[in-house]
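All chains are named by letter (A, B, ...) in the order of the sequence lines, taking the proteins before the strands, and each is independently numbered beginning at 1.
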There are 2 protein chains.
Amino acid sequence: MEDKKLRSRIREISGFYADKGRMPSFSEVGKLVGLRSKNAVSKLVKRLEALNVLARDEKGRLVPGSIAYPVKMLGTVEAGFPSPAEEELADTLSLDEFLIGNRDATFLLRVSGDSMSGAGILPGDMVLVDKGRSPGSGDIVIAEVDGEWTMKYLKKRGGSVTLLPANPAYEPIRPKKELKIAGVVTAVVRKYK
Amino acid sequence: MEDKKLRSRIREISGFYADKGRMPSFSEVGKLVGLRSKNAVSKLVKRLEALNVLARDEKGRLVPGSIAYPVKMLGTVEAGFPSPAEEELADTLSLDEFLIGNRDATFLLRVSGDSMSGAGILPGDMVLVDKGRSPGSGDIVIAEVDGEWTMKYLKKRGGSVTLLPANPAYEPIRPKKELKIAGVVTAVVRKYK
DNA sequence: CTTGACAGTGAACGTTCGTTCACTTTATAA
DNA sequence: TTATAAAGTGAACGAACGTTCACTGTCAAG
């Protein structure tokens, strides 16, 4: 089969999965790509399995392969963009899987102050916070000090604890009494436009 | 049913979906949560539909509801963490859906220089680049100037084009001849640890 | 104690699923 | 042109699916 036709069929199936969150059945694949025979679909599926576009369960049911990982990972900025042929071979990645370690315990918070701008966390950014992780020295944490919530570097030295901003305009915080650490920042996400 | 039992059942089903990338069948749900009758499963599914945990196609097939959006979105850092009861009502979000606009045209590049550190893009960060978007003035772009790839602010003034770093240690670039813009940076992602 | 609502069982049923087989059409190369 | 492989058709088939119905156990309220 021409490469182009196969490509467009893969795109159809990916689109279906992205839309609905489930894989199409064989007959649905047929309608999607314009095949009237389920046998033809069966052959197509075998090819897509070989290409890791989709796969099968231990129960034999269709599950997404690279389809589930929507973004292609290339090299570095300096390397620029590879040729289209190389692009096809690129690893694909799901940001959800990449960024979220502990599904049930991670949350998304919007950043409003600029006290961590020195660490590349700007107002308006979103941070992923893991509530279930034990904070270590050097981690960026969400903490409640004397009734107020902030995001700061956590520094432990000896027995004492300091909350350190990443902006010289702010002062380090040495909590008087209460210091509740609600979670550790595990990722930062910024969307433009 | 006790809330706790229902909660754990939802977790089972979410886990199945996260693992396999597909929803379980009714009998599989049965095994998962410990129900031997498909009728019992049917009743459970109706409840979960009402809770938007899962939903159904126009074809009546199970599709993920909030399950597909793995991270709970809360307020701002200053607001801290709400009480567990409020947490349950939080909107959930898929980072893939949130960050990726143009599925087929967006790619992930790793940042290696510090020329954009003033814009909160540090070495080691990942940037999402949309190849299919027409770059506007003020956008951060991936460009090839005189054979080298860089990431810079794009400034258009009159007919001339300048590439502006966000770090005073670097000089603005006024391309002599060739300037290929490969894509627009649509998001930044940083993972700690 | 009785009633009723709720959670679950087990079986029957029609539908849809994916596999398979024999066959036809289309394209490629000798 | 003829041979040959690849791409697709259409139908048959058993298995699994989700729906539905009649029924059982449990527990709290009247």
Whole angstrom is fine here: how far is it from CG in A:Leu6 over to C1' in D:dA6?
-> 14 Å
Give the rounded distance in Å between these two atoms: NZ of A:Lys46 and P of D:dG8.
-> 14 Å
Side-chain N,O (A:Ser27) to OP1/OP2 (C:dT16) below 4.0 Å = no
Is A:Lys59 touching bases, backbone alone, or none of the nucleic acid, heavy atoms closer than 4.0 Å?
-> sugar-phosphate
Exam field: side chain A:Asp96 to backbone B:Ser94, donor-acceptor pair closer than 3.5 Å = no
Inspect the surroundings of CZ in B:Phe81 and state if more than 12 heavy atoms from other residues, nucleotides or ligands are less than 6.0 Å away.
-> yes
Determine whether any donor atom in the side chain of B:Asn39 lies under 3.5 Å from an acceptor atom in the base of D:dT20, or the reverse, and answer yes or no.
-> no
Once you round it to whole Å, what is the distance between C1' of D:dA16 and CZ of B:Arg22?
-> 12 Å
Determine: side-chain N/O of B:Ser25 to OP1/OP2 of D:dC17, distance under 4.0 Å, yes or no.
-> yes
Donor/acceptor link under 3.5 angstrom from B:Ser42 side chain onto base of D:dG18 = no
For atom NZ of B:Lys38 and atom P of D:dC23, their distance in whole Å = 21 Å
Is the backbone of B:Asp104 close enough, under 3.5 Å, to the side chain of A:Arg11 for a donor and an acceptor to pair up by distance?
-> no
Write down the distance between CZ (A:Arg9) and C1' (D:dA6), rounded to a whole number of angstrom.
-> 12 Å
Toward the 5' end of DNA chain D, by each residue's nearest nucleotide, B:Leu62 or B:Lys43 | B:Leu62
Between A:Arg47 and D:dA7, is there a side-chain N or O to OP1/OP2 distance below 4.0 Å?
-> yes
Is the count of non-hydrogen atoms from other residues, nucleotides or ligands lying under 6.0 Å from A:Arg174 atom CZ greater than 12?
-> no
Nearest-angstrom distance from the residue atom CG of B:Leu44 to C1' of D:dG18 | 14 Å
Nearest heavy atoms of A:Leu122 and A:Asp125, plus distance in Å | N-OD2, 2.8 Å
B:Asp57 atom CG is separated from C:dT16 atom P, nearest whole Å, by 14 Å
Rounded to whole angstroms, how far apart are CZ on A:Arg56 and C1' on D:dA16?
-> 14 Å
So does A:Arg61 get a side-chain nitrogen or oxygen closer than 4.0 Å to the phosphate oxygens (OP1/OP2) of D:dC17?
-> yes
Should A:Arg36 be listed as having a side-chain N or O under 4.0 Å from OP1 or OP2 of D:dT9?
-> yes
For A:Phe26 and for B:Ala40, find the nucleotide of DNA chain C with the closest heavy atom, then tell me which residue's nucleotide is more 5'.
-> B:Ala40
